[in-house]
There are 2 protein chains.
Amino acid sequence: MGQPRYQRRKEDRPQEITEAAFAAFAEKGFTATKVEEVARRAGVSKGLLYLYFKTKEELFKAVIRSVVTPRVDELTRTLERSELGAEAFIRGPLLAFMQRLPGSPASVVVRLMISEAPKHPDLVEYYWQNVASRGLGALRQLLDRGVANGEFRRSAVNDLPQLFLAPVMMSIVWGIVFADRSLDTDKLIETQADMILAYIKA
Amino acid sequence: MGQPRYQRRKEDRPQEITEAAFAAFAEKGFTATKVEEVARRAGVSKGLLYLYFKTKEELFKAVIRSVVTPRVDELTRTLERSELGAEAFIRGPLLAFMQRLPGSPASVVVRLMISEAPKHPDLVEYYWQNVASRGLGALRQLLDRGVANGEFRRSAVNDLPQLFLAPVMMSIVWGIVFADRSLDTDKLIETQADMILAYIKA
DNA sequence: ATAATTAATGACCAATGGGTCAGCAAGCTT
DNA sequence: AAGCTTGCTGACCCATTGGTCATTAATTAT
């Protein structure tokens, strides 16, 4: 009956801890989350956590990276695979992708970035390199492609792909602040796409 | 030479403390700001601060209210005074107002709300009643007026005045996270106004 | 089996910071 | 000028929590 009191699972621990931390941060934010709480959720002692992550901040960075990386990969894959025209791509996969963001972990990342960015310049740099600049670059490329093949005219939008993301950001922030008060985020994002397309169509 | 070590200025203290707190919160955020730091900035002892504000949270709420109230008043006044047509109002005073927001204290308030909203439901309620719902209501009214007098057609925008604010929010968040990396927020907001107007014009 | 290795524990430490309060002194009253 | 009220101070308290480390026990090697 000697149930061992724990198992040694060196391989799995980091991810388990990271996932537990994400869940905790999502609920309470970074500062308000106690390291011990993360450990408890991961079914692990606080001491072990500090064996895998030097400080609470290191853990935080690892969490952001772990959430962000797969999502960016998803986006770039979608972009590369597709052979749709620019407008069709925007109305199809891009719209779907953007509409999923407000309800996804991305939303938590945004909240954490806004709260903690000023204290973590290296994390901002990472986020810029791996998410923002790549995403915006892809959008710019898409718009330029549309111009090149005559679908779109060249306009201010070419230099401001942030216009696509503005209603996504609005939806995310709305969700954080006014959790309950409903807003039709799908409609918001879709209408923006409609407007932009009407505005830039050749 | 008996310089008095302090003066009694019961009337001015609350505002002085509130202003010092705003400056401190703007730099470090709510949690990272120590009450003692606020007191120091206000040129006051920590004990006195607690004479005027029961807790750190009460101070926080007072700060938000003090920043938000005058700004809302400014907006509503502008709206009421103006006798411009809907489009002219949007391209004129409304655009100017929105373009000022990202560089204004409003930006700090947004950051604080995003970070602290989950812990301060009553503050969210206050913000909703006094800022969000009034601002959105005014925009809705403006759009309806435009429809009524034949300037605009009725469209999805009538139910989603958040579309106007989306690039403002984007600019604010951008400024918080990527402080240095520049974004032409004026252009972003102006282009959005152009797009919306093109989209809804009768 | 026995020894060696190291994943894992949890009691503990030290610093931080919100909040208190006994006492001091500015400035008013008489 | 003496006394009184109260705005104001700053030393202090103590709960919280990030981080450490001596110890334990699961696993592997011999």
Side-chain angles (χ1 to χ4, degrees), chain A residues 1-25 27-64 112 115-116 118-120 123, chain B residues 1-25 27-64 112 115-116 118-120 123:
Chain A
M1 17 207 61
Q3 280 280 32
R5 314 216 304 205
Y6 56 81
Q7 285 147 27
R8 312 168 115 204
R9 304 206 331 278
K10 186 181 171 154
E11 307 304 322
D12 305 332
R13 294 307 191 196
Q15 196 188 345
E16 287 172 8
I17 293 169
T18 278
E19 281 167 10
F22 176 79
F25 292 166
E27 282 177 23
K28 307 191 164 189
F30 174 71
T31 311
T33 298
K34 303 167 211 174
V35 174
E36 208 163 12
E37 164 75 6
V38 173
R40 204 179 52 65
R41 285 192 193 224
V44 142
S45 73
K46 194 168 66 163
L48 184 64
L49 191 154
Y50 275 97
L51 204 67
Y52 291 106
F53 302 94
K54 266 197 249 310
T55 67
K56 193 187 180 189
E57 291 202 2
E58 281 302 316
L59 172 62
F60 177 63
K61 293 175 189 175
V63 167
I64 299 289
L112 293 173
S115 302
E116 305 297 330
K119 236 189 310 186
H120 299 275
L123 192 65
Chain B
M1 14 214 60
Q3 280 279 30
R5 315 216 304 202
Y6 57 81
Q7 284 147 27
R8 313 168 113 202
R9 305 209 327 280
K10 184 179 174 158
E11 306 304 322
D12 307 329
R13 294 308 193 194
Q15 196 189 346
E16 287 172 7
I17 292 169
T18 278
E19 280 167 11
F22 175 79
F25 292 167
E27 283 177 23
K28 306 191 165 190
F30 173 71
T31 311
T33 298
K34 303 168 210 175
V35 173
E36 210 164 12
E37 164 75 7
V38 173
R40 202 178 54 66
R41 287 194 192 224
V44 142
S45 72
K46 194 166 69 163
L48 184 63
L49 193 153
Y50 276 97
L51 204 66
Y52 291 107
F53 303 93
K54 267 197 250 309
T55 65
K56 193 187 180 189
E57 292 202 1
E58 282 302 318
L59 172 62
F60 178 64
K61 292 176 191 175
V63 167
I64 298 289
L112 292 173
S115 301
E116 305 297 329
K119 236 188 309 186
H120 299 274
L123 191 65

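Remember, predicted model here, so these are calculated numbers, not experimental data. In what follows, chains are A, B, ... by sequence order, proteins preceding strands, each numbered from 1.
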Enquirer: B:Lys10 NZ to C:dG27 P: how many Å, rounded?
Expert: 15 Å
Enquirer: Tell me which nucleotide among D:dC8, C:dT20, C:dA8 gets nearest to the side chain of B:Arg8.
Expert: D:dC8
Enquirer: Rounded to the nearest angstrom, tell me the gap between atom CZ in B:Arg40 and atom C1' in D:dG10.
Expert: 16 Å
Enquirer: Just the rounded figure in Å: distance from P of C:dG17 to OH of B:Tyr50.
Expert: 12 Å
Enquirer: Report the residues that fulfil side chain to side chain donor-acceptor pair (under 3.5 Å) with B:Gln15, sequence neighbours left out, ordered by chain and then residue number.
Expert: B:Glu19
Enquirer: Taking only side-chain N and O atoms of A:Arg13, does any of them lie within less than 4.0 angstrom of OP1 or OP2 on C:dA8?
Expert: yes
Enquirer: In whole angstrom, what separates B:Leu51's CG from D:dG10's P?
Expert: 15 Å
Enquirer: Starting at CD of B:Gln7 and ending at C1' of D:dC8, how long is that distance when rounded to a whole Å?
Expert: 12 Å
Enquirer: B:Lys34: which residues meet the side-chain contact (heavy atoms from CB on, under 4.5 Å) condition with it, sequence neighbours left out?
Expert: B:Glu37
Enquirer: Please state how far atom CZ in A:Phe53 lies from atom P in D:dG18, giving the value in whole angstrom units.
Expert: 15 Å
Enquirer: Not counting sequence neighbours, which residues clear salt bridge (charged side-chain N to carboxylate O under 4.0 Å, His left out) with B:Glu58? List them please.
Expert: none
Enquirer: I need the CD-P distance between B:Glu58 and C:dG18, as an integer number of Å.
Expert: 15 Å
Enquirer: Which residues satisfy the salt bridge (charged side-chain N to carboxylate O under 4.0 Å, His left out) test with B:Lys28, sequence neighbours excluded?
Expert: none
Enquirer: If you check every side-chain atom of B:Lys56, which of C:dG18, D:dA25, D:dG19 has the closest atom?
Expert: C:dG18
Enquirer: Rounded off to whole Å, could you give me the CD-to-P distance for the B:Glu11 and D:dT6 pair?
Expert: 14 Å
Enquirer: I want to confirm an ordering. Mapping B:Lys54 and A:Gly43 to their closest nucleotides on DNA chain C, which one lands closer to the 5' end?
Expert: A:Gly43
Enquirer: Hey, what are the protein-to-nucleotides 10-16 of chain C N/O distances that come in under 3.5 Å?
Expert:
none

Enquirer: According to salt bridge (charged side-chain N to carboxylate O under 4.0 Å, His left out), who are the partners of A:Glu27, at least two apart in sequence or on a separate chain?
Expert: A:Arg41
Enquirer: What closest approach, in Å, do B:Thr31 and B:Lys56 show between heavy atoms, and which atom pair accounts for it?
Expert: O-NZ, 3.4 Å
Enquirer: Which part of the nucleic acid does A:Tyr52 contact within heavy-atom distance under 4.0 Å: base, sugar-phosphate only, or nothing?
Expert: sugar-phosphate
Enquirer: Would you mind reporting whether B:Arg13 and B:Arg9 have side-chain heavy atoms less than 4.5 Å apart?
Expert: yes
